[in-house]
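Here is the structure we will look at.
In what follows, every heavy atom counts, from backbone to side chain, and hydrogens, waters and symmetry copies are set aside.
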Amino acid sequence: MTATLERAPIRHRSRLWWAPYLGIAAIVGYCLSPFYWMLVSSLRRTNDIFDSSPVPAPLSLDSYAAAFAANNGFVRALGNSFLVAGITTVLVLLIGTLTAYALARLDFRFKNLVLAVIITTSMFPGISLLVPLLELFSGIGWINTYQAMIVPSMSFALPLAVWNLTAFFRQMPVELEEAAQIDGCTPAQAFRKVILPLAAPGVFTTAIITFIAAWNEFIIALSVVNKKDLKTAPVITSQFTGTTQFDAPFGTQMAAGVIVTIPLVILVLLFQRRIVAGLTAGGVK
């Protein structure tokens, strides 16, 4: 008795196959339009800054030259931003990774409550903490110091880092550590040589998010630092002055905004695979 093979029904391509792509293009265009306009405005001449044409004509790099003028201190501000964001990211990863691993593996009372309190602290807006921070930093002599910008940035980034990494470590089977310890590793060695390399996608994702948040931080850096040599790039950009008293340097600020955005774009492009792997880890087993 021969089995009969049923031919699968032919699925005709929908006439609206282009609709999802159109929706994606609309969303991407909506999200990128402010950045496009910032780039276009930065390439206009000063006299054409209020021109509404979508393409600058003629192209001009005067705004970029003005942004890097010595009196603006923009180069020093970029270095300050790299320093603050870099140290913040390293400290958040160091503390957050160890804390998240402990919350994921150790069993103790009120563990879920501790995790809930940690994530709850990230819900307070930065402006509500500004006055207490100013009073505290004034009392301990931290005004006009790098740590006055690093510590608050850590306090805002740590809860999210701990939450993300805790969920990531929970998805890893405990048998990995047990097998490593059977082979002679101590618990610390099992974590460093087995778990941490496997957690690299989640750690990279957390590092990128932390760096971007610290790089873009504005209100704390504006309030705790008033020395020009210590100001970060977002703060110094907002304080650009024109050639005259009533001149608004929109073009120069747009150029500085483009320059400040470039490191973040490069960072995301370099580590996009690890970021996607970290965001989708655990979605499919």
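Looking only at side-chain heavy atoms (C-beta outward), Val225 and Val235 stay at 4.5 Å or farther from each other. Two residues are said to be in side-chain contact when any heavy atoms from C-beta on lie closer than 4.5 Å; Gln181 and Pro187 meet this criterion. Ile209 is not listed as a side-chain neighbour of Thr206, based on a closest heavy-atom distance of 4.5 Å or more. Annotation: side chain of Tyr64 is not in contact with side chain of Thr252 (no heavy-atom distance under 4.5 Å). No side-chain heavy atom of Phe168 sits less than 4.5 Å from a side-chain heavy atom of Val203. The closest side-chain heavy-atom distance from Pro152 to Phe137 is below 4.5 Å. Under the 4.5 Å side-chain criterion, counting only non-hydrogen atoms from C-beta, Val174 is in contact with Glu178. For the pair Ile259 and Thr237, the minimum side-chain heavy-atom distance is 4.5 Å or more.
At a threshold of 4.5 Å between side-chain heavy atoms, the hydrophobic network of Ile, Leu, Val, Met, Phe, Trp and Tyr places Leu78 and Leu267 in one connected group. Residues Tyr146 and Val90 do not share a hydrophobic cluster, clusters being chains of Ile/Leu/Val/Met/Phe/Trp/Tyr side chains in contact below 4.5 Å. Neither Leu98 nor Leu158 shares a network with the other; the hydrophobic side chains, linked directly or stepwise wherever heavy atoms of I, L, V, M, F, W or Y lie under 4.5 Å apart, form separate groups for each. Under the 4.5 Å side-chain heavy-atom criterion for grouping Ile, Leu, Val, Met, Phe, Trp and Tyr, Val151 is not connected to Leu93 through any hydrophobic cluster. Under a hydrophobic-cluster definition in which Ile, Leu, Val, Met, Phe, Trp and Tyr are linked whenever side-chain heavy atoms come within less than 4.5 Å, directly or via other members, Met172 and Leu196 are assigned to the same cluster.
The backbone N or O of Tyr30 sits less than 3.5 Å from a side-chain atom of Ser33, completing a donor-acceptor pair. Side-chain atoms of Ser63 never come within 3.5 Å of backbone atoms of Ala255 as a donor-acceptor pair (strictly under, hydrogens ignored). A donor-acceptor distance shorter than 3.5 angstrom exists from the side chain of Gln189 to the backbone of Thr186, with no hydrogens or angles considered. The backbone N or O of Gly96 lies less than 3.5 Å from no partner atom in the side chain of Thr99, so there is not a single donor-acceptor pair. A donor-acceptor distance shorter than 3.5 angstrom exists from the side chain of Asn80 to the backbone of Asp229, with no hydrogens or angles considered. Side-chain atoms of Thr97 never come within 3.5 Å of backbone atoms of Leu94 as a donor-acceptor pair (strictly under, hydrogens ignored). Looking only at distances, a side-chain donor or acceptor of Ser138 sits under 3.5 Å from a matching main-chain atom of Leu134.
With rounding to the nearest 0.5 angstrom, the OG1 atom of Thr232 is 9.0 Å from the CH2 atom of Trp215. Residue Ile236 holds its CD1 atom at 11.5 Å from CD of Gln253, rounded to the nearest 0.5 Å. Here the OG1-CG distance, from Thr121 to Leu129, works out to 9.5 Å after rounding to the nearest 0.5 Å. Interatomic distance, Ile127 CD1 to Ile219 CD1, rounded to the nearest 0.5 Å: 4.0 Å. To the nearest 0.5 angstrom, Leu160 atom CG is 9.0 Å from Leu165 atom CG. For the atom pair CG of Leu91 and CE of Met154, the computed distance is 4.5 Å after rounding to the nearest 0.5 Å.
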Thr145 and Leu230: CA distance, side-chain angles, deciding distance, side chain to side chain contact (heavy atoms under 4.5 Å, CB included) verdict: CA-CA 7 Å; Thr145 60; Leu230 297 177; 5.7 Å; no
Test side chain to side chain contact (heavy atoms under 4.5 Å, CB included) applied to Val114 and Ile118, step by step: CA-CA 6 Å; Val114 171; Ile118 290 175; 4.1 Å; yes
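A salt bridge (charged side-chain N to carboxylate O under 4.0 Å, His left out) check over residues 33-49, counting only residues at least two apart or in different chains, returns the pairs Arg44-Asp51, Arg45-Asp48. Pairs passing the salt bridge (charged side-chain N to carboxylate O under 4.0 Å, His left out) check and including a residue from residues 130-139, sequence neighbours excluded, do not occur. Sorted by first then second residue, the ring-ring contact (aromatic ring centres under 6.0 Å, His included) pairs that include residues 92-116, not counting sequence neighbours, are Tyr101-Phe169, Tyr101-Phe191. Screening residues 101-114 for salt bridge (charged side-chain N to carboxylate O under 4.0 Å, His left out), with sequence neighbours left out, gives Arg105-Glu177, Asp107-Lys111.
Minimum interatomic distance between Glu217 and Ser153 (heavy atoms only, all atoms of both residues): CG-OG, 4.1 Å. Of all heavy-atom pairs spanning Pro56 and Val40, the tightest one is CD-CG1, 3.6 Å. Here the shortest heavy-atom pairing between Ala67 and Asn72 reads O-ND2, 3.7 Å. Shown here for Ser42 and Val258, the closest heavy-atom pair between the two residues is OG-CG2, 3.9 Å. Of all the heavy atoms in Ala233 and Phe74, the pair that sits closest is CB-CE1, 4.2 Å. Nearest heavy atoms, Ala256 versus Phe240: CB-CE1, 3.6 Å.
Every residue two or more places apart in sequence or in another chain that forms a side chain to side chain donor-acceptor pair (under 3.5 Å) with Gln239 is listed here: Lys231. Evaluation of the side chain to side chain donor-acceptor pair (under 3.5 Å) rule for Asn226 yields Asn144 as partners, not counting sequence neighbours.
Relative ring orientation between Phe82 and Phe211 is described as tilted, the plane-to-plane angle lying within the 30° to 60° band.
Enclosure of atom CZ in Phe218 by more than 12 non-hydrogen atoms of other residues, nucleotides or ligands within 6.0 angstrom is indicated. Heavy-atom contacts from other residues, nucleotides or ligands closer than 6.0 Å to CZ of Phe124 number 12 or fewer.
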